[in-house]
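First the structure, in the form of structure tokens, and then the observations on it.
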Number of protein chains: 2
Amino acid sequence: MASIRRKPLKVVTDSEDDQSDSRQRRDLHITKRVSTITEEKEEKKKKVYQGFSHTLPIHTLTKASVLSKEAPPENYSGFLRLGMLVLGASNIRLVIENWMKYGLLIGIPHSYIPLRDYGLFFLAWLCIPLSLGISLVVEYGMGKLAIHAKDAKADFLNKLTILERVVALTHVSHLVFLLTFPSYIAYTQIYHPVVGSGLIVICLVSFLKLTSFALVNNELRQGFVDGKVEEFYTTDVAYPNNVNAKNLLYFFFAPTLCYQPSYPRSPVFRKTFFMKRVGELITCLVMMYVLTEQYAKPTLANSIKALEEKNYVTIIERVLKLSTTAVVIWLLMFYALFHAFLNALSEVLRFGDRTFYLAWWNSGNLATYWRLWNRPVYLFFKRHVYIPAVQRGVPPAACQLLVFLISAILHEVLVGIPTHSITGFAFFGMLGQIPLIAITHPLEKWRGKGTALGNTIFWIVFCVVGQPTIALLYYYQWTANHKIVTAS
Amino acid sequence: MASIRRKPLKVVTDSEDDQSDSRQRRDLHITKRVSTITEEKEEKKKKVYQGFSHTLPIHTLTKASVLSKEAPPENYSGFLRLGMLVLGASNIRLVIENWMKYGLLIGIPHSYIPLRDYGLFFLAWLCIPLSLGISLVVEYGMGKLAIHAKDAKADFLNKLTILERVVALTHVSHLVFLLTFPSYIAYTQIYHPVVGSGLIVICLVSFLKLTSFALVNNELRQGFVDGKVEEFYTTDVAYPNNVNAKNLLYFFFAPTLCYQPSYPRSPVFRKTFFMKRVGELITCLVMMYVLTEQYAKPTLANSIKALEEKNYVTIIERVLKLSTTAVVIWLLMFYALFHAFLNALSEVLRFGDRTFYLAWWNSGNLATYWRLWNRPVYLFFKRHVYIPAVQRGVPPAACQLLVFLISAILHEVLVGIPTHSITGFAFFGMLGQIPLIAITHPLEKWRGKGTALGNTIFWIVFCVVGQPTIALLYYYQWTANHKIVTAS
């Protein structure tokens, strides 16, 4: 309304308004009681003409509607808030609908995990301490020899170089075993996917950690023998002092895949911080469990029939219904693992560098996302695959492809082996992103990083289409392999 | 990542980085090819120590996770975008679900409007031209008399004052008839609510317009006779010149309820602007029709059973399901009527003041909303009820209550009469807002106008709870009165 008084028509001239100031003061006790500025203005105008009230002009100048493009830009945040509310309301509705349809579906966790699985898990787990032991012994021994090598004859050095090959072979063999044996167990023996994936994850992590451990120590040793100055780390852990059980175990439990003789440390252990993270972790896990049992599973079960009948309309409907749940579960998983768990662990170990993830949710491109969401894995591949390859003169683009290929294989392993179905969905799901990145890359250039459009495409591809579709396909495989009776 | 280099640990000191500048220049051809700044930095760091690659430190300083409150504030717009996408996805899903369940429900419009309704509509419509005629004749006559009155004896003036009473009585009677007769027809004779509401709306609008016309001219006449200077309007329409058919008809069609002898006019008729608005109007109407037939009606029909059985869980579920549709229909209605239609009309009449609504969607309080969303009605009540009452010394709060009460009655009339069920739902729905406003008012004071919290409450009350609930209740009444067979 205020703007109406901007350039008044012949109707009410400002001069008249000014004359009326004295009157206005008298009427202040009225204007005071009147709520909005709008009405105050009207009041003032009114008081100019004693005795007139109905006659007062209401339409005083030419002005466009707020929504027409002639009008000055308006704030639409209210509509955004409405959108969020509708989202909330429709999800509460789905909760009620689900309740009315299924009642409570949640049973005692791991009620349907066969005891045998736990035994097999333990058996397969044993190759982790085994690999740890071998790594430590081998590296420790080589460390001792390296000390002798410093003041030795040429032929001893030759022996050492031969020995290096033996060491490399040892490492390769026990690391390969560390990957293959548990995978074999999980694929052929373990029934329950959760047990299987748990096993695969910890073995894969150990594999990456020990690979890093071997590579770094090998390089440090070379530098030590050649008397190359190495000024990365504090002298107390200068090679070979760093090769000892305590140091290795700290690295093994530390929330990183990249071995360093020393890490930045946080000053103190904050009990409250730790307790909070543990609390969050438990909450997230419970919520994930409930969502899976109560929402994801029924939707998945109902979609099997549609998949068998190739009823695409229903499939789309199912995927879309699944998407909301899938996204929420996925976000919970991210928070539980990358924020709550890794921070709690770091707090115990006083591990300083907590950048387990960066602000991936704004990424305008899948490549950016892969760089930001899982720092430990990203940094491992960057440090031990990408940079060394670039140094050896491989074109960076090729290195990026290589890294992408490896991570595609690892994704397939992580999903395919526990679900007993190496179908390549995950693998091609990853590779399929390369062309997409190629397409959206110019987009980023054009609008700048983290552009809204790119980010939207990212979310659509990743959370609305990608996630639930893959989940559906693997669930379908699983039921096909295990002849589960599907509810409908 | 950039921030990681802020205050480096003993691991890599800035001096070392500076020394490496020369080397960096050599490696530019590599760094160029590497996509992100992150990697550039890493590259630089790497090049400082020729011969080392795996050993390069990755964790170089103590840093909190992005999501922990120790970290600097981060931008979460990505999550907002995700929310919007999920909203979109879940609604597309509902469209598919609805299609699979009902197929196409849309028939030819007004297929089930009995022909009799149209006849009755026309009959009731006749009292509009009638009232228009009477108003014009009476006011024109009084205008002529007023001219004589200027140079007349006291007794003539007395006659005039008596005559004024007669005029007032005439106006009251034909205006009351204009409200009551069509209402009677709509309530007792017209079957279809759409025809009924159409009739009630145009009659109500005419009623308000002619009331304003009578009040303003009466006041102008007083001023004219008493020789009071009246400088609101251009002299060519100075009383009684303004009282003529052309002037009245312009006002009758003009998108306002407040009579003024003259209005601000837009310079030219913009054909394209007009065509666009008409196009929008048609589109909105079609969409509203589709939404009503395909989405609102089935949901309403399905909820009847729940209402009869007082199954509150289902009722809530229905209301929530209805809310989305109701909100969209309501927004379309708003846009169609207050933006598209009124702008198109204004364009034809070259009516200048297009503020038929202000940015109500940000209102932090229902009172603000009522002030902003429907300017024509708000301004009518302000000009012809609120301000005159305040001038006569009635406390503004009481006036506001009075206005609210009248509008509550009008809402009941608008909804209750066409649906043949004066249940008072709309009436008490309006009155119920007074306590709510009283509660949320301090909220506004506390957080400032248009506060997010207030706005959220507004949307919840108005669009998620209010709208669909009222709709459901009236639909229930309608079916109860007309024994419609309800689908389930």
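Convention: sequence-line order gives letters A, B, ...; per-chain numbering from 1. Bear in mind the structure is a predicted one, so any value in this text is a computation, not a measurement.
- Residue contact with chain A, scored on non-hydrogen atoms closer than 4.5 Å, involves the backbone and the side chain of B:E317 alike.
- With a 4.5 angstrom heavy-atom cutoff, A:F351 touches chain B only via side-chain atoms.
- At a 4.5 Å heavy-atom cutoff, the contact between B:S68 and chain A is made by backbone and side-chain atoms alike.
- Once rounded to the nearest 0.5 Å, the distance linking NZ of A:K321 with OG of B:S90 reads 11.0 Å.
- In plain terms, the two heavy atoms of A:T60 and B:D353 that are nearest each other are N-OD2, 4.4 Å.
- Nearest approach of A:S53 to B:Q391, heavy atoms of both residues: CB-OE1, 2.6 Å.
- For B:T256, the side chain to side chain donor-acceptor pair (under 3.5 Å) partners are A:H59, not counting sequence neighbours.
- Of the two parts of B:L94, only the side chain, counted from C-beta on, holds a non-hydrogen atom closer than 4.5 Å to a non-hydrogen atom of chain A.
- Between the CD1 atom of A:I58 and the OH atom of B:Y263 there is a distance of 10.0 Å, given to the nearest 0.5 Å.
- Here A:L61 contributes atom CG and B:T355 contributes atom OG1; the two are 8.5 Å apart, rounded to the nearest 0.5 Å.
- When the candidates A:R93, A:M84, A:E74 are compared by the number of heavy-atom contacts under 4.5 Å with chain B, A:R93 comes out ahead.
- Only the backbone of A:A64 comes within contact range of chain B, judged by heavy atoms closer than 4.5 Å.
- The shortest distance between side-chain heavy atoms of B:L85 and A:T456 falls below 4.5 Å.
- In this view, A:T314 and A:N311 satisfy the side chain to side chain donor-acceptor pair (under 3.5 Å) rule, not counting sequence neighbours.
- Between B:Y239 and A:T55, every side-chain heavy-atom pair lies at or beyond the 4.5 Å cut-off.
- Across A:Y76, A:F356, A:Y335, the residue that shares the most heavy-atom pairs under 4.5 angstrom with chain B is A:Y76.
- Contact annotation for B:L342: neither backbone nor side-chain heavy atoms come within less than 4.5 Å of a heavy atom of chain A.
- For the set A:W99, A:F79, A:F458, the count of heavy-atom pairs under 4.5 angstrom toward chain B peaks at A:F79.
- Looking only at side-chain heavy atoms (C-beta outward), A:F338 and B:L67 stay at 4.5 Å or farther from each other.
- Looking only at distances, a side-chain donor or acceptor of A:N362 sits under 3.5 Å from a matching main-chain atom of B:G78.
- Remark: side-chain polar atoms of B:S65 are paired, donor with acceptor, to backbone N or O of A:R354 under 3.5 angstrom.
- Note that the CD1 atom of A:I96 and the CZ atom of B:R318 stand 10.5 Å from one another [nearest 0.5 Å].
- Looking at A:L331, the atoms closer than 4.5 Å to chain B (heavy atoms on both sides) all sit in the side chain, from C-beta outward.
- Heavy atoms closer than 4.5 Å to chain A are found nowhere in B:Q222, neither backbone nor side chain.
- B:Y259 does not touch chain A: none of its heavy atoms, backbone or side chain, sits under 4.5 Å away.
- Residue A:G83 comes nearest to B:L87 through the heavy atom pair O-CD2, 3.6 Å, listed as atom of the first residue, atom of the second, then distance.
- In this structure, chain B has heavy atoms under 4.5 Å from both the backbone and the side chain of A:N75.
- Here the CG atom belonging to A:N343 is positioned 8.0 Å from the CD atom belonging to B:E70, to the nearest 0.5 angstrom.
- Heavy-atom distances place the side chain of A:H339, and not its backbone, under 4.5 Å from chain B.
- Here B:G352 is the residue among B:S77, B:G352, B:C258 with the most heavy-atom pairs under 4.5 Å with chain A.
- Taking chain A as the reference chain and counting heavy-atom pairs below 4.5 Å, the highest number among B:I92, B:I316, B:L80, B:L372 is found for B:L80.
- Ring orientation note: the planes of B:H54 and A:H384 are close to parallel, at an angle under 30° on the 30°/60° scale.
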